[in-house]
Amino acid sequence: MSVTKKVSDWFMERLGLNDLPFFKTPDYMYHASEWLGALVAAAFFYTVISGLILLLYYNPDQGYSSTEFIINSVPYGSVVLYSHLYGAYAMIILAYVHMFRNYFVGAYKKPRELLWIIGVLMLVLVLGASFLGYSLIGDVLATSAVDVGAGIISSIPQLTFLLPILFGNYDSGQFGRVLAWHIILVALIGLLFVFHFFMAEHYGMMPSRKVKSKAPAVYTKEEWSKFNPWWPRNFVYMFSLIFLTWGFILAIPNALAYLNGLPQQFNPFLNPKPAPSPSSPLAAHVTTYPPWFFLFVYKIADFTSDVVIFLLIGVIIPLLYLILVPFLDRTEYLHPMKRKVFLGFGILMITYLIQTTIWGDLSPGIPVPITQQIEVYLPPAIITAIGLAFFKYVKIGNNMKKAQMTPLNAILFTVIALLMAGSLIAVLNEPSILTIGIFIPLLILFFGGAKLLTPPIFKADQSAVTPSVSQESVMSLERKKKMAQVIMVILLIFAAILAGTIWTIPATGYVSNMFGVDLGLIFIMLGESISLYHYIVYKKPDEHEE
């Protein structure tokens with residue numbers, strides 16, 4: 001019996017891993033898009049661990065000066081603080097990707113409705129906890145962000161009593177209340193995560209549409225029993241993802257810390273360093289921004305002076321839609337083209353989220369008239385609606401390869417669609433013979449292009465050979481595994497060399513963030529090495545994506 005097998009059996013026996021009710025995994029699900037939830041969880045745990053370290057040094061009664069103390073005086077304090085900040089950023093981005101991916105594959109359908117709703121509530125809590133954590137920095141941007149939040153609440157007379165409860169004396173540099181709510185929301189995220197995790201394990205990962213095309217998409221017990229158990233394969237794969245996630249969370253912000261002179265528009269996204277104190281003369285030269293993940297809400301606040309309407313547009317209606325979508329979408333099909341209305345809403349949600357965030361970054365706090373709002377939001381809605389009306393669902397066989405649409409066709413059609421949308425806006429603003437004369441030909445071109453492109457987009461190459469295990473494929477896999485072994489050894493050698501030199505980096509000062517960059521690189525190399533180990537040990541010749 002090999003040493004690896006002995007170690008594996010020892011852990012399996014001591015921890016009783018075979019007795020745990022964890023979902024077993026089919027061979028074709030070992031790629032990151034099926035494990036997005038694990039990536040979010042990895043970012044969450046990193047942020048909690050780094051946050052607990054920061055709690056040892058952070059004084060909420062002196063928010064800004066305490067933050068400066070952590071950065072300048074605590075050994076590797078800036079490494080922990082910046083990576084804590086970007087851990088939250090990573091969690092937000094990954095949570096959005098995880099949610100929209102599940103939205104488009106129909107993972108909110110029976111029996112996963114409650115799993116989906118808990119996930120949406122967790123995203124809301126993540127945004128709230130991140131906003132409060134961002135505010136704890138106490139710089140002019142954080143104080144301004146809390147001012148905006150407090151202003152929204154104070155504009156509703158019945159809710160003004162919440163201001164001291166939620167924010168305390170933050171304008172005096174005291175963030176005790178903000179810190180308390182930050183910890184409470186993180187604790188709630190952890191509590192919901194437990195429910196979310198065990199429900200996900202109970203129902204299992206969403207099967208491929210080739211395997212289950214209709215809801216309820218769950219594997220039978222007979223199918224499930226043939227899959228790979230959690231120990232050891234899933235554990236190995238999960239740890240490779242955790243190390244990679246933690247590596248990027250450490251490396252990126254500590255590398256960005258060395259960027260100076262960023263344009264103002266890039267600061268909300270890229271700069272991990274605090275802005276000046278609110279009492280500093282330099283604060284007058286800083287354009288106030290909310291954290292980047294609330295830029296879209298900040299811009300929507302410019303659409304109206306009525307707080308109730310703003311909350312309805314920016315918060316309540318999108319949130320209600322996401323919570324209710326499992327009950328609104330009554331179709332049994334999982335393919336997005338058989339759920340065109342919900343597919344369209346999903347495309348528009350992503351488009352508007354990105355569009356409004358960039359708009360809020362480029363022109364923050366500038367009122368927007370209704371005509372300008374229509375000009376910005378109507379074209380994507382028209383393009384999406386017309387596009388979905390023309391694109392037909394085509395049943396694709398099991399031997400399908402990628403669609404045949406060329407990049408040139410896609411670019412030409414996009415240009416025509418944008419020109420048509422722009423000319424429509426011109427007609428609405430200034431109807432005249434000239435604008436109508438430009439609009440009609442573009443409209444004909446758009447319809448003609450959409451009709452011509454529809455078949456190629458869904459044309460499938462049916463000539464693919466049915467997958468089978470041949471001697472050639474076995475030998476090819478063996479060659480790849482040998483190459484993977486060489487790469488894994490090289491990565492481990494580089495990681496060991498870097499780990500041996502990393503301790504020579506000063507713990508404080510300008511160069512201390514190189515420690516975070518190097519530690520991140522070590523984590524990335526370890527994560528990739530574990531991923532290669534997974535490939536070498538567990539990859540089967542007949543594994544293929546469904």
Side-chain angles (χ1 to χ4, degrees), residues 46-48 50-74 76-92 126-150 166-186 249-250 252-254 256-257 259-260 262 264 266-295 297-298 361 364 508 512-513 516:
Y46 182 87
T47 310
V48 169
S50 55
L52 291 173
I53 295 172
L54 292 173
L55 267 181
L56 298 174
Y57 299 98
Y58 182 75
N59 180 3
D61 290 332
Q62 298 173 343
Y64 186 77
S65 58
S66 180
T67 303
E68 289 291 306
F69 170 74
I70 290 172
I71 293 172
N72 299 317
S73 303
V74 174
Y76 306 113
S78 60
V79 173
V80 179
L81 180 63
Y82 296 163
S83 58
H84 179 72
L85 178 71
Y86 267 64
Y89 289 176
M91 193 164 49
I92 293 169
V126 165
L127 291 173
S130 300
F131 171 77
L132 294 170
Y134 174 89
S135 304
L136 290 172
I137 297 170
D139 61 4
V140 62
L141 294 177
T143 307
S144 171
V146 183
D147 282 340
V148 173
L166 291 175
F167 302 122
N169 296 321
Y170 73 94
D171 48 354
S172 302
Q174 298 176 336
F175 290 87
R177 288 282 180 179
V178 178
L179 177 62
W181 282 110
H182 177 62
I183 295 172
I184 289 170
L185 292 190
V186 172
I249 287 174
L250 273 162
I252 291 175
N254 284 291
L256 290 174
L259 291 180
N260 291 316
L262 283 173
Q264 179 73 53
F266 291 124
N267 264 335
F269 302 100
L270 297 181
N271 193 350
K273 297 177 182 177
S277 162
S279 58
S280 166
L282 296 173
H285 304 286
V286 177
T287 303
T288 54
Y289 283 89
W292 64 265
F293 48 87
F294 273 156
L295 277 171
V297 176
Y298 192 54
D361 181 49
T508 57
S512 64
N513 289 105

Do any side-chain atoms of residues 140-149 form donor-acceptor pairs under 3.5 angstrom with protein atoms, and if so which ones, sequence neighbours left out?
| from | atom 1 | to | atom 2 | distance (Å) |
| --- | --- | --- | --- | --- |
| Thr143 | OG1 | Asp139 | O | 2.9 |
| Asp147 | OD1 | Tyr170 | OH | 2.5 |

Would you tabulate the side-chain donor-acceptor contacts of residues 268-285 under 3.5 Å, counting partners in other chains and residues two or more places apart, or write 'none'?
| from | atom 1 | to | atom 2 | distance (Å) |
| --- | --- | --- | --- | --- |
| Asn271 | OD1 | Lys273 | N | 2.9 |
| Asn271 | ND2 | Asn267 | OD1 | 3.1 |
| Lys273 | NZ | Ala257 | O | 2.8 |
| Ser277 | OG | Ser279 | N | 3.2 |
| Ser277 | OG | Ser279 | OG | 3.0 |
| Ser280 | OG | Leu282 | N | 3.1 |

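Between Tyr89 and Trp292, the gap from one ring centroid to the other is short of 6.0 Å.
Residues passing the ring pair (Phe, Tyr, Trp, His ring centres under 6.0 Å) test with Tyr46, sequence neighbours excluded: Trp246. With sequence neighbours excluded, no residue forms a side chain to side chain donor-acceptor pair (under 3.5 Å) with Thr47. With sequence neighbours left out, Asn72 forms a side chain to side chain donor-acceptor pair (under 3.5 Å) with Glu68. By the ring pair (Phe, Tyr, Trp, His ring centres under 6.0 Å) test, Phe131 is found to be paired with Phe294, residues two or more places apart in sequence or in another chain being considered.
Minimum heavy-atom separation, Ser50 to His84: OG-ND1, 2.9 Å. The two atoms that bring Arg177 and Leu166 nearest to each other are CB-O, 3.6 Å, heavy atoms only.
Going from atom CG of Leu250 over to atom CG of Asn513 covers 11.0 Å, rounded to the nearest 0.5 Å. Here CG of Leu85 is found 11.0 Å from CD1 of Ile249. Values are rounded to the nearest 0.5 Å. Tyr134 contributes atom OH, which lies 14.0 Å from atom NE2 of His182 (distance to the nearest 0.5 angstrom). A distance of 6.5 Å separates OG in Ser78 from CG in Asn254, rounded to the nearest 0.5 Å. In this structure, Leu256 CG and Tyr82 OH are separated by 11.0 Å, a value rounded to the nearest 0.5 Å.
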Trace of the side-chain contact (heavy atoms from CB on, under 4.5 Å) decision for Thr67 with Ile71: CA-CA 6 Å; Thr67 303; Ile71 293 172; 4.1 Å; yes
Step-by-step side-chain contact (heavy atoms from CB on, under 4.5 Å) determination, Leu136 to Leu132: CA-CA 6 Å; Leu136 290 172; Leu132 294 170; 5.9 Å; no
Audit row: Phe167, Phe175, side-chain contact (heavy atoms from CB on, under 4.5 Å) steps and yes/no: CA-CA 7 Å; Phe167 302 122; Phe175 290 87; over 6 Å; no
Candidate pair Leu55 and Leu179, rule side-chain contact (heavy atoms from CB on, under 4.5 Å), full reasoning: CA-CA 10 Å; Leu55 267 181; Leu179 177 62; 4.0 Å; yes
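Side chains of Ser66 and Tyr57 form no contact here, defined as non-hydrogen atoms less than 4.5 Å apart.
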